[in-house]
Number of protein chains: 2
Amino acid sequence: MFSKACEYAIRASIYIARQSMTDKRASLIDISQEIASPVSFTSKILQQLVKAGIIYSIRGQNGGFGIDAAARSTKTIANIVTAIDGDAIFIDCGLGLKECSSTQPCPIHQKFIGIRNELKLVLDSTSIEEVASGLKDGETYLKR
Amino acid sequence: MFSKACEYAIRASIYIARQSMTDKRASLIDISQEIASPVSFTSKILQQLVKAGIIYSIRGQNGGFGIDAAARSTKTIANIVTAIDGDAIFIDCGLGLKECSSTQPCPIHQKFIGIRNELKLVLDSTSIEEVASGLKDGETYLKR
DNA sequence: ATCAATTCGGACAATATTATCCGATTAAAT
DNA sequence: ATTTAATCGGATAATATTGTCCGAATTGAT
Ligand code: SF4
Ligand code: SF4
């Protein structure tokens with residue numbers, strides 16, 4: 001459904017949020033350890049998230065990554081997905097047919113659009129904080 | 001959502017079905033022309049569909065591909081997806097988190113499982129024939 | 001029997017995605 | 001100032017996906 005990069009981005013964001021909630025900063029090493037992802041690749045992805053304004057980074061000693069309280073509650077899983085994978089999954093026809101023409105749609109168009117919209121709705125309405133605080137003692141859930 | 005190969009497979013199956021419904025056989029050249037896909041790549045995909053028992057092929061002059069009436073009505077879009085992409089999309093957690101544990105699920109588990117199940121339901125309950133016959137004069141819908 | 005039209009199968013090539021490496025930069029601690 | 005711990009950014013490599021090529025096999029038509 002999502003790219004590997006996007007999955008790492010989601011997992012990393014959740015871990016970083018959990019750390020930030022207790023004012024701890026997350027280092028790249030910690031993050032890739034906790035979410036079971038390749039270190040250098042994760043680095044690139046975190047940079048993208050920083051550029052997208054979803055997380056922040058601080059360089060130098062005692063640096064690391066964090067998500068401030070505002071971003072935790074306003075940024076959603078959908079924001080992460082869009083930042084990494086773009087919005088194709090929210091827009092493209094799943095069947096790979098020609099772009100949706102609502103004037104003469106294919107037979108399963110209504111069902112399909114329904115699923116796509118529901119997916120968007122769920123990801124749009126799920127803040128990073130919501131997922132992070134719901135995962136009580138479950139860091140292991142962030143691994144594969 | 002699906003791989004390119006899978007999208008071609010779906011489009012090709014629909015076109016072949018439409019041809020078979022009027023007892024015409026579809027050649028590789030015709031198919032890739034009609035669904036706007038690379039010829040040789042499409043060839044590989046059609047071979048997979050043949051092996052999966054979704055379409056049949058006949059070699060030699062006046063050969064080509066077809067889908068018999070039984071397969072048209074019993075084989076579903078889900079069958080095509082599974083044949084080409086496997087069933088990861090029906091099974092894996094979309095967030096890329098650890099495999100779903102219903103004992104201690106993540107906060108959005110219920111919503112997510114709902115979407116996944118609905119997707120499976122739709123694709124499972126949509127026969128190739130249903131889509132093919134719904135696309136009346138819309139071959140162009142099979143292109144990109 | 002030969003030819004032409006077709007699928008099949010294997011090897012190969014191009015591209016995209018995933019992943020690694022390393023020097024540059026930044027900032028705190030000593 | 002120097003050292004140390006960290007992110008940043010660019011080049012490179014490995015792998016997966018997508019796409020091409022071509023000869024072999026099959027079948028119908030001449
Ligand atoms: S009409 Fe059918 S093929 Fe087109 S976007 Fe909608 S579901 Fe996809
Ligand atoms: S519990 Fe959450 S993370 Fe796990 S499979 Fe369900 S939706 Fe995905």
Side-chain angles (χ1 to χ4, degrees), chain A residues 1-13 15-16 19-20 24-67 81 83-86 88-89 96 144, chain B residues 1-13 15-16 19-20 24-67 81 83-86 88-89 96 144:
Chain A
M1 175 155 290
F2 305 129
S3 68
K4 278 268 176 67
C6 189
E7 294 186 358
Y8 295 151
I10 294 171
R11 309 219 294 264
S13 298
Y15 174 71
I16 295 169
Q19 294 303 105
S20 287
K24 277 175 273 182
R25 219 165 266 153
S27 78
L28 170 63
I29 299 294
D30 285 346
I31 294 167
S32 37
Q33 178 85 12
E34 291 296 326
I35 72 174
S37 67
V39 179
S40 301
F41 190 43
T42 305
S43 170
K44 299 299 189 210
I45 296 162
L46 293 176
Q47 286 177 40
Q48 288 184 263
L49 292 177
V50 170
K51 278 180 191 153
I54 294 170
I55 67 179
Y56 67 81
S57 67
I58 293 181
R59 301 221 275 193
Q61 195 161 311
N62 291 341
F65 299 89
I67 311 185
V81 171
I84 305 296
D85 279 354
I89 197 166
R144 270 244 172 224
Chain B
M1 175 155 290
F2 305 128
S3 68
K4 278 269 177 65
C6 190
E7 294 186 358
Y8 295 151
I10 294 171
R11 310 220 292 265
S13 298
Y15 174 70
I16 295 168
Q19 294 303 104
S20 286
K24 278 175 273 184
R25 219 166 263 152
S27 78
L28 170 63
I29 297 295
D30 284 348
I31 294 167
S32 37
Q33 178 86 12
E34 290 297 326
I35 72 173
S37 66
V39 178
S40 300
F41 191 42
T42 305
S43 171
K44 299 299 189 209
I45 296 163
L46 293 176
Q47 286 178 40
Q48 288 185 264
L49 292 177
V50 169
K51 276 179 192 154
I54 293 171
I55 67 180
Y56 66 82
S57 67
I58 294 181
R59 300 220 274 193
Q61 195 161 311
N62 291 338
F65 299 89
I67 312 184
V81 171
I84 305 295
D85 279 354
I89 197 166
R144 270 240 172 229

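Side-chain atoms are counted along with the backbone in the values below, which use heavy atoms only and exclude waters and symmetry mates. We name chains A, B, ... by the order of the sequence lines, and we start the count at 1 in each one.
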Got a second to check how far A/Gln33's CD is from A/Thr42's OG1, nearest 0.5 Å?
-> 11.5 Å
Inter-residue atom distance B/Ile45.CD1 - B/Ser32.OG, 0.5 Å rounding = 10.0 Å
Out of C/dA19, C/dG10, D/dG9, which nucleotide sits closest to the side chain of A/Tyr8?
-> C/dA19
For B/Gly63 and A/Ser40, take the nucleotide of DNA chain C holding the closest heavy atom to each; which residue's nucleotide lies nearer the 5' end?
-> B/Gly63
Interatomic distance, A/Gln48 CD vs D/dT7 C1' [rounded to whole Å] | 15 Å
Regarding the side chain of A/Phe41, the nearest nucleotide among C/dT20, D/dA5, D/dG19 is C/dT20
Sugar-phosphate, base or nothing in reach of B/Leu46, heavy atoms under 4.0 Å = nothing
Using a heavy-atom cut-off of under 4.0 Å over every strand shown, decide if A/Ile29 touches base, sugar-phosphate, or nothing.
-> nothing
For the pair made of CD1 in A/Ile31 and C1' in D/dC8, what is the distance, rounded to whole Å?
-> 14 Å
Spell out yes or no: do the side chain of A/Arg59 and the base of D/dT7 have one donor N/O and one acceptor N/O closer than 3.5 Å?
-> yes
Side-chain contact test, heavy atoms from C-beta onward, threshold under 4.5 Å: evaluate it for A/Pro38 versus A/Tyr8 and give yes or no.
-> yes
Taking the side chain of B/Lys4 as its heavy atoms from C-beta onward, which of D/dG19, C/dC8, C/dT18 lies nearest to it?
-> D/dG19
To the nearest angstrom, how far is A/Ile16 atom CD1 from D/dA6 atom P?
-> 15 Å
Rounded off to whole Å, could you give me the CD1-to-C1' distance for the A/Ile58 and D/dT4 pair?
-> 17 Å
So, the side chain of B/Arg25 versus the backbone of B/Gly64: is there a donor-acceptor pair under 3.5 Å, distance only?
-> no
Counting heavy atoms from C-beta on, name the nucleotide in D/dC8, D/dG19, D/dT18 closest to the side chain of B/Pro38.
-> D/dG19
Over how many whole Å does the gap from B/Asp85 atom CG to D/dT17 atom C1' extend?
-> 11 Å
Closest nucleotide among C/dC8, D/dT18, D/dT7 to the B/Ser3 side chain | D/dT18
Does a side-chain N or O from A/Ser57 land closer than 4.0 Å to OP1 or OP2 of D/dC8, or not?
-> yes
Atom CD1 in B/Ile54, atom CD1 in B/Ile16: separation rounded to 0.5 Å?
-> 10.5 Å
May I have the distance from B/Arg25 (atom CZ) to D/dT26 (atom P), rounded to whole angstrom?
-> 17 Å
Looking only at side-chain N and O atoms, does A/Asn62 come under 4.0 Å of OP1 or OP2 in C/dA27?
-> no
Whole angstrom value for the distance that separates P of C/dT7 from CG of B/Leu49 | 14 Å
The side chain of A/Lys44 lies closest to which of these nucleotides: D/dA11, D/dC8, C/dA27?
-> D/dA11
Just how far, in rounded Å, is P of D/dG9 from CD of A/Gln47?
-> 6 Å
For DNA chain D, whose closest nucleotide is more 5', that of A/Ala26 or that of A/Gln61?
-> A/Gln61
Pairwise distance CG(B/Leu28) to CD(B/Gln47) - rounded to 0.5 angstrom | 9.5 Å
When we call it a touch if two heavy atoms are under 4.0 Å apart, what does B/Leu28 touch: a base, just sugar-phosphate, or nothing?
-> sugar-phosphate
